[in-house]
**Q** 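Once you've had a glance at the structure underneath, I'll fire off some questions.
First listed ligand is number 1; within each ligand, the first listed atom is number 1. Only a predicted model underlies this, so the values are computations on that prediction, with no experimental measurement involved. When a residue number appears, it is its place in the shown sequence, counting from 1.
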Amino acid sequence: MKKSTKVRFPSNIALVKYWGKHGNQLPMNASLSLTLQHAYTELELEAIEKNGADATFEYFFEGVQNDAFGQRVLTYLQNQPEFAEFLHQHTIKINSHNSFPHSTGIASSASAFAAIAAAFAKTSGITKNFSQEISRLARLGSGSACRSIYGPFASWGKLDGIDGTSDEYASPVQHIHPNFQDMQDAILIIEDTPKKVSSSVGHGLMKNHPFAEARFKQANQHCIEMFSTLERGDFERFIGIVEREALSLHAMMMTSEAYYLLIRPNTIEVMEKVMQFRQETQLPICFTLDAGPNIHLLYPSSIQDKVLLFIANELKPFTKNILYDRNGIGGIFL
Ligand code: PMV
């Protein structure tokens, strides 16, 4: 018998950053992200009962068989006891497509592992605590993937005094003021080449980092503040936390034992222009960075016309490409 499941799961951009892990993909601090809408992975899983035939596992990305990523996915699946029996009994083919180009600072592993975990959870018959289980299983593939299950904002990581938070899985942020329900994200591509240092190496460098303890404390504090900021609709605090987080993440990279620099001169040009524009116009716009040189510009839809003019007139010369996204609802089954 043939079973087939099709899913679409988005990427996300962290506002409070996960940077440093321990054990089996557990975070050293809590994080909180905005779920994207247009940047997603669409994935179809086809599983045919084996009837004694040899097992095959094929992973196609954008129509082309991708053995390197396929092997990473197979190893991940084999390591999850929940999927062991299903893997053993089926011949599997995955067709996966990303709605966004490669190396754009959009976390493709987040959308991919959220989609993979969701498709396998559904097809292999997991029903109990379904969304929570998908989030937990996605986390085991790529930490930040666990937040891509929910929208428009999700948090991951245990926070003292905040019910429902866990290191094992993410949860949706419950109380969002109308100010933050319609957020835009203009992704300014400064460099479209692959990252010089992978995130897993970056996480590892937090192990003996001289500022690790202070950083983990700062991130947890930012998360707690972000919950109340999103609830109250406070743009000023939102901007302060988001930009401080982006710069703290990169400060960690610049001050680790094996230090490195991912921001480029044009990243700085753009950040300065955004701060200046905000000062002059008093508009609620801010930047964040992923582990790379590209900039995510966040602003509410209500000021979109002014921001688009600002981008066209002042930022475009510093960019290679611009992708326009916004906050989304999380993953769906198609
Ligand atoms: O999920 P990973 O292991 O690729 O790490 C993601 C780290 C950041 O994107 C820099 C921050 C985050 O919280 O998403």
**Q** Mind checking whether Trp156 and Tyr169 have ring centres under 6.0 Å apart?
**A** no
**Q** Tell me whether the centres of the aromatic rings in Phe235 and Phe180 are closer together than 6.0 Å.
**A** yes
**Q** Considering only NZ, NE, NH1 and NH2 on the basic side and carboxylate oxygens on the acidic side, decide whether Arg8 and Glu42 come within less than 4.0 Å.
**A** yes
**Q** Flag the pair Leu43 / Phe9 as yes when at least one side-chain heavy-atom distance between them is below 4.5 Å, and no otherwise.
**A** no
**Q** Put together the list of close N/O pairs, under 3.5 Å, between ligand 1 and the protein, could you?
**A**
{"residue": "ligand 1", "atom": "1 (O)", "partner": "Ser142", "partner atom": "OG", "Å": "3.4"}
{"residue": "ligand 1", "atom": "1 (O)", "partner": "Ser144", "partner atom": "N", "Å": "2.9"}
{"residue": "ligand 1", "atom": "1 (O)", "partner": "Ser144", "partner atom": "OG", "Å": "2.7"}
{"residue": "ligand 1", "atom": "3 (O)", "partner": "His203", "partner atom": "NE2", "Å": "3.1"}
{"residue": "ligand 1", "atom": "5 (O)", "partner": "His203", "partner atom": "NE2", "Å": "3.0"}
{"residue": "ligand 1", "atom": "9 (O)", "partner": "Asp290", "partner atom": "OD1", "Å": "2.7"}
{"residue": "ligand 1", "atom": "13 (O)", "partner": "Tyr18", "partner atom": "N", "Å": "2.9"}
{"residue": "ligand 1", "atom": "13 (O)", "partner": "Arg147", "partner atom": "NH1", "Å": "2.9"}
{"residue": "ligand 1", "atom": "13 (O)", "partner": "Arg147", "partner atom": "NH2", "Å": "3.2"}
{"residue": "ligand 1", "atom": "14 (O)", "partner": "Arg147", "partner atom": "NH2", "Å": "2.8"}

**Q** If you define the side chain from C-beta out and look only at heavy atoms, does anything of Ile189 sit under 4.5 Å from Ile295?
**A** no
**Q** Kindly indicate whether a cation-pi arrangement holds for Lys93 with Phe60, taking the cut-offs as under 6.0 Å to the six-membered ring centre and within 45° of the axis.
**A** yes
